[in-house]
Amino acid sequence: MNIVLLGPPGAGKGTLAALLKTELGVPHISTGDIFRSNIKNGTELGKKVQGILASGGLVPDEVTIEMVRGRLKEDDTLKGYILDGFPRTIAQAEALDTMDTIDAVINFVLDDEEVVKRLSGRRLAPSTGRIYHIVSNPPKKEGFDDETGEPLIQRDDDKPEAIRHRLEVYRNETAPLIGYYRNKGNIIDIDASPSPETVLSAVIAALRS
Ligand code: AP5
C-alpha cells in the first residue's frame with residue numbers, strides 16, 4: 001500500500017509513521033529526514049539545503065522530486081511505502097502521479113496553537129531521529145535518549161521564527177494539496193489531537209474501511 005502523510009509541520013506525521021511502518025511492514029520515507037541526514041554527513045546536497053531547512057523554507061521542487069524519484073526505485077518500496085513530507089507543492093504532487101499510484105492520503109488535522117506547542121517542545125536523538133516531547137513524551141532521563149543515552153537536540157527549524165515561517169509556507173504551498181487529493185477521492189481526514197496510539201488506531205481503521 002502506498003500512503004502519503006499530509007499535514008502541518010509538527011502535526012505528528014513522523015511519530016505516526018514510526019508506529020504505522022511496523023503495522024504495515026513498509027518503509028517510512030521522510031524527505032525531511034533524508035535532507036537532515038545529508039546535512040549531518042556534509043554531502044553536496046546537505047550543503048545546498050542546510051540554510052533552507054534552518055529558515056523553514058522549501059527545497060526547490062526539482063531537487064526534491066529527483067531525490068524522491070530515486071528513492072522510490074529502491075527494492076524496499078515494492079510492497080509499498082509511507083511518504084512523509086512529500087509532496088508539499090502541487091508540482092511535487094503532479095510529479096508523484098507520474099511515478100506511482102497513491103492508495104491513500106492521510107490528512108492530519110490540527111490547529112496552529114497545538115502545532116506551536118508540539119514543535120517548540122520537540123527534542124530529537126541525533127543518531128536515530130527518535131522523537132520526544134518535553135511534556136507529552138519525555139525521555140526517562142531529561143535531555144538524554146532512552147536507548148543510546150546520547151544528548152537530545154532541538155531542530156534549528158523548531159525555533160519560534162522558523163515555526164512561523166513554516167506555518168506560512170504550509171498554508172500557501174502545501175494546504176492546496178488537500179483540494180488536489182479531495183478531487184481524486186483518496187484523502188482521509190484524521191483528527192491529530194489525541195494521543196499517538198489513538199491516532200494510529202483511527203488511521204488503521206480508516207485504511208481498512
Ligand atoms: P519535515 O521534517 O518534513 O518537517 P515537517 O513537515 O514540518 O514536519 P515535522 O517533522 O516538523 O513534524 P511531524 O508532523 O513529523 O511531527 P512529529 O511527529 O515530529 O521537513 C523539514 C524541512 O525539510 C522543511 O521545512 C523543508 O525545508 C524541507 N523539506 C522536506 N520535505 C520537503 C519537500 N517535499 N519539498 C521541499 N522541502 C522539503 O511531532 C512533533 C512533536 O509533537 C514531537 O515532539 C512529538 O513527540 C509530538 N507529538 C506527535 N504526535 C503527538 C500526539 N498525537 N500527541 C501529543 N504530542 C505528539
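Basis for what follows: all heavy atoms, side chains included, without hydrogens, waters or symmetry-related copies.
In this structure, the side chains of P60 and T64 stay at 4.5 Å or more apart for every pair of heavy atoms. No side-chain heavy atom of K47 sits less than 4.5 Å from a side-chain heavy atom of I39. Counting heavy atoms from C-beta on, the side chains of L96 and F86 come closer than 4.5 Å. Contact check for I3 versus D103: no side-chain heavy atoms found under the 4.5 Å cut-off. Inter-residue side-chain proximity for N2 and L83 is flagged as unmet; no heavy-atom pair is nearer than 4.5 Å. Taking 4.5 Å as the limit, every side-chain heavy atom of F144 sits out of range of all side-chain heavy atoms of P139. Looking only at side-chain heavy atoms (C-beta outward), M67 and L45 come within less than 4.5 Å of each other. The shortest side-chain heavy-atom distance between F35 and I52 does not fall under the 4.5 Å cut-off.
One hydrophobic cluster holds both I29 and V49 under the rule that ILVMFWY side chains link at heavy-atom gaps under 4.5 Å. Both V68 and V4 sit in one connected hydrophobic cluster of ILVMFWY residues. Membership requires side-chain heavy atoms under 4.5 Å apart, directly or through other members. Note on I90: it clusters hydrophobically with L6, by side-chain heavy-atom contacts below 4.5 Å among ILVMFWY residues. One hydrophobic cluster, built from ILVMFWY side chains closer than 4.5 Å, holds both I188 and I204. Hydrophobic clustering of Ile, Leu, Val, Met, Phe, Trp and Tyr side chains at less than 4.5 Å, counting indirect connections, unites V26 with L19.
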What's the verdict on side chain to side chain contact (heavy atoms under 4.5 Å, CB included) for D156 and Q50, showing C-alpha distance, side-chain angles and the deciding distance? CA-CA 10 Å; D156 285 341; Q50 185 161 21; 5.8 Å; no

Are Y132 and D146 close enough, and set up right, to give a side chain to side chain contact (heavy atoms under 4.5 Å, CB included), and what steps lead you there? CA-CA 10 Å; Y132 295 89; D146 289 347; 3.6 Å; yes

Please lay out, stage by stage, how K117 and D111 fare under the test salt bridge (Lys or Arg N to Asp or Glu O under 4.0 Å). CA-CA 10 Å; K117 273 192 212 157; D111 63 42; over 6 Å; no

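For the atom pair CD1 of I106 and CG of L16, the computed distance is 7.5 Å after rounding to the nearest 0.5 Å. Within the model, atoms CD1 of I82 and CG of L24 stand 5.5 Å from one another, a figure rounded to the nearest 0.5 Å. One finds the CG atom of L72 at 6.5 Å from the CG atom of D100 (value rounded to the nearest 0.5 Å). Considering CG of N107 and CZ of R182, their distance stands at 6.5 Å, rounded to 0.5 Å. Separating the NE2 atom in H165 from the NZ atom in K159 is a distance of 16.0 Å, to the nearest 0.5 Å. Here the OG1-CG distance, from T43 to N38, works out to 3.5 Å after rounding to the nearest 0.5 Å.
A donor-acceptor pair under 3.5 Å is absent between the side-chain atoms of D84 and the main chain of A17, judged by distance alone. N186 contributes a side-chain N or O that, together with a main-chain N or O of I102, makes up a donor-acceptor pair within less than 3.5 Å.
Electrostatic pairing of E44 and K48 does not count as a salt bridge here, judged by no charged N lying under 4.0 Å from a carboxylate O.
Within the structure, the side chain to side chain donor-acceptor pair (under 3.5 Å) test picks out the following pairs touching residues 88-97 (sequence neighbours left out): D61-T89, D61-Q92, D97-Y180, D97-K184. Legend: side chain to side chain donor-acceptor pair (under 3.5 Å) pairs involving residues 200-209, not counting sequence neighbours: none detected.
The side chain to side chain contact (heavy atoms under 4.5 Å, CB included) check on S193 picks up L110, D191, with sequence neighbours excluded. For the side chain to side chain contact (heavy atoms under 4.5 Å, CB included) test, residues two or more places apart in sequence or in another chain that qualify with L167 are P9, D112, V115, V116, I163, R171. Applying the side chain to side chain contact (heavy atoms under 4.5 Å, CB included) rule to A125 yields the partners T128, R130, D145, E150, L152; only residues at least two apart in sequence or on another chain are considered. Checked against side chain to side chain donor-acceptor pair (under 3.5 Å), Y170 has no partners two or more places apart in sequence or in another chain.
No more than 12 heavy atoms of other residues, nucleotides or ligands sit less than 6.0 Å from atom NZ of K79.
With D158 as reference, R122 is the one residue of R123, R164, R122 to meet the salt bridge (Lys or Arg N to Asp or Glu O under 4.0 Å) rule.
Taking all atoms of both residues into account, the shortest heavy-atom contact from A104 to L207 is CB-CD2, 3.8 Å.
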